[in-house]
Amino acid sequence: MNLHDRFEKVQATMAAAAAKAKRAASDVTLIAVTKTASTDQIKQLVEWGHRDFGESRVQQLQQRTAQVDEWLARQQQRRAERQSEKNLPGPGELRWHMIGHLQRNKVRPVLPMCRGGGIIHSIDSLRLAEEIQDEAARLAGAPAPTNPVGPPAGSTRILLEVNVAEEGSKFGVAVGAALHLAEQIDTMDDLQLVGLMCMAPFSANPEDARPVFARLRELFEEIRFRKIGGEKFRHLSMGMSGDYAVAIEEGATLVRVGTAIFG
Ligand SMILES: *Cc1c(COP(=O)(O)O)cnc(C)c1O
């Protein structure tokens with residue numbers, strides 16, 4: 001299969017999983033994880049109308065956004081010269097998601113890259129959340145931590161990464177500590193907690209991931225019931241190439257798929 005076939009197959013599988021769970025296909029966003037992708041493959045997806053991309057490492061995220069933005073800027077200029085209409089976004093208009101583990105000393109470069117509508121998926125400690133809050137406040141031109149006349153809250157969107165499967169993942173907050181951490185993050189002015197994320201342990205059988213995803217969904221419902229994060233708390237980021245169909249059946253709104261698209 002070529003890139004186009006794989007991309008279509010992932011979208012068809014997503015639609016079938018949504019239908020099986022009696023959910024609207026538009027409820028679920030595909031994040032194309034570009035870890036193994038070539039720049040040309042990313043450009044192809046953008047030309048086909050795709051807008052959400054993910055990287056798991058800060059340096060790669062920086063390189064990708066720079067390369068793709070440079071290309072988008074060139075395309076924009078060409079369009080202006082020829083006055084042609086091609087439905088491509090401008091530079092900075094793709095949604096880049098930071099999906100991998102984030103160290104506190106790498107927060108600064110990540111924030112601007114995720115502000116075009118992307119989300120940081122991997123918040124798993126109070127200290128990391130505080131670091132992002134400080135940086136978000138700084139970017140907004142407001143002194144940390146609060147500024148009554150500052151810009152509206154919620155400009156940096158984040159997900160709490162939960163270590164549901166306990167063994168198998170080094171990262172993520174423990175299930176028992178997630179609710180309290182969500183409450184603490186909810187008090188931070190420049191962070192918008194929009195949901196939860198998890199990774200299922202690797203397995204050849206996607207059904208093995210189902211109880212992990214179901215548990216994250218339960219935790220999600222519990223946090224939502226307590227109105228933590230408010231109306232914007234509505235995302236479940238779960239499911240990768242091996243298990244995204246199961247994740248959608250269990251309520252995923254964001255799936256992070258790399259190799260099934262890019263090979
Ligand atoms: C690499 C990665 C993915 C995508 O993995 P595939 O198996 O290639 O789909 C999803 N989420 C995270 C956090 C990753 O690091």
Side-chain angles (χ1 to χ4, degrees), residues 1-3 5-14 17 28-39 41-42 44-45 50-65 94-103 106-107 110 113-114 118-125 128 132 157-173 178 194-210 212-213 215-217 235-263:
M1 274 204 286
N2 60 27
L3 180 66
D5 292 343
R6 287 191 302 261
F7 185 50
E8 298 237 293
K9 187 176 173 211
V10 168
Q11 288 174 308
T13 305
M14 287 177 63
V28 192
T29 298
L30 171 63
I31 298 173
V33 177
T34 52
K35 273 192 300 213
T36 64
S38 69
T39 310
Q41 288 180 313
I42 301 175
Q44 279 284 288
L45 259 66
H50 196 71
R51 298 292 178 261
D52 284 86
F53 294 90
E55 267 293 342
S56 61
R57 299 172 73 168
V58 176
Q59 208 184 347
Q60 263 80 325
L61 185 63
Q62 278 175 305
Q63 282 169 1
R64 294 301 196 187
T65 52
L94 295 175
R95 288 180 293 272
W96 283 96
H97 298 255
M98 172 60 191
I99 62 172
H101 181 66
L102 183 57
Q103 286 168 313
K106 299 275 181 65
V107 162
V110 168
M113 292 185 283
C114 291
I119 304 174
I120 305 174
H121 288 229
S122 45
I123 309 308
D124 61 357
S125 74
L128 178 59
I132 298 174
R157 306 200 301 155
I158 62 160
L159 298 167
L160 204 59
E161 179 174 356
V162 185
N163 187 356
V164 179
E166 285 183 1
E167 83 276 22
S169 172
K170 288 176 286 188
F171 302 121
V173 60
V194 298
L196 304 179
M197 179 272 217
C198 78
M199 286 176 78
F202 177 79
S203 163
N205 180 4
E207 284 302 321
D208 291 345
R210 192 180 294 278
V212 175
F213 296 151
R215 183 71 190 94
L216 192 71
R217 168 72 181 267
H235 285 296
L236 273 169
S237 168
M238 53 192 198
M240 305 175 23
S241 289
D243 52 25
Y244 64 96
V246 170
I248 291 168
E249 287 169 28
E250 295 299 326
T253 64
L254 302 165
V255 291
R256 311 176 308 266
V257 179
T259 48
I261 299 172
F262 297 112

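The structure presented is a predicted model; accordingly, all values stated were derived computationally and were not measured. Counting starts at 1 for both ligands and their atoms, in listed order.
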So which heavy atom in the protein is nearest [atom], and how far is it from that ligand atom?
atom	value
atom 12 (C) of ligand 1	Ile99 CD1, 3.5 Å
atom 5 (O) of ligand 1	Met240 CE, 3.5 Å
atom 9 (O) of ligand 1	Ser241 OG, 2.5 Å
atom 4 (C) of ligand 1	Arg256 O, 3.6 Å
atom 2 (C) of ligand 1	Lys35 NZ, 2.7 Å
atom 8 (O) of ligand 1	Thr259 N, 2.9 Å

Problem set entry | Donor-acceptor pair, side chain of Asp124 and main chain of Gly172, under 3.5 angstrom |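 Such a contact is found between Asp124 side chain and Gly172 backbone.
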Exercise. Do any N or O atoms from the side chain of Arg256 and from the backbone of Val33 form a donor-acceptor pair under 3.5 angstrom?
Worked result: no
For this session: Just let me know how Met199 lines up against ligand 1, side chain, backbone, both or neither, with a heavy-atom cut-off below 4.0 Å.
Result: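 Met199 to ligand 1: side-chain contact only, backbone stays beyond 4.0 Å.
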Exercise. When you look at CZ of Arg57, are more than 12 heavy atoms from neighbouring residues, nucleotides or ligands closer to it than 6.0 Å?
Worked result: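 At most 12 heavy atoms, drawn from other residues, nucleotides or ligands, come within 6.0 Å of this atom.
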So if I count the atoms of ligand 1 from 1 in the order they appear, which ones are less than 4.0 Å from some heavy atom of [X]?
X	result
Gly258	4 (C), 6 (P), 8 (O), 9 (O)
Ser56	15 (O)
Val257	9 (O)

Problem set entry | side-chain hydrogen bond (donor to acceptor under 3.5 Å, both in side chains) evaluation trace for Glu55 with Thr34 | CA-CA 6 Å; Glu55 267 293 342; Thr34 52; 2.7 Å; yes
For this session: State, without any angle test, whether His235 and Thr253 hold a side-chain donor-acceptor pair at a distance under 3.5 Å.
Result: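 Indeed, the side chains of His235 and Thr253 share at least one donor-acceptor pair under 3.5 Å.
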For this session: Quick one: sort the Phe7 and His50 rings into parallel, tilted or perpendicular, breaks at 30° and 60°.
Result: perpendicular
Seminar exercise, completed: Of Leu196, Ile120, Leu236, Val194, the one forming a side chain to side chain contact (heavy atoms under 4.5 Å, CB included) with Leu159 is Val194
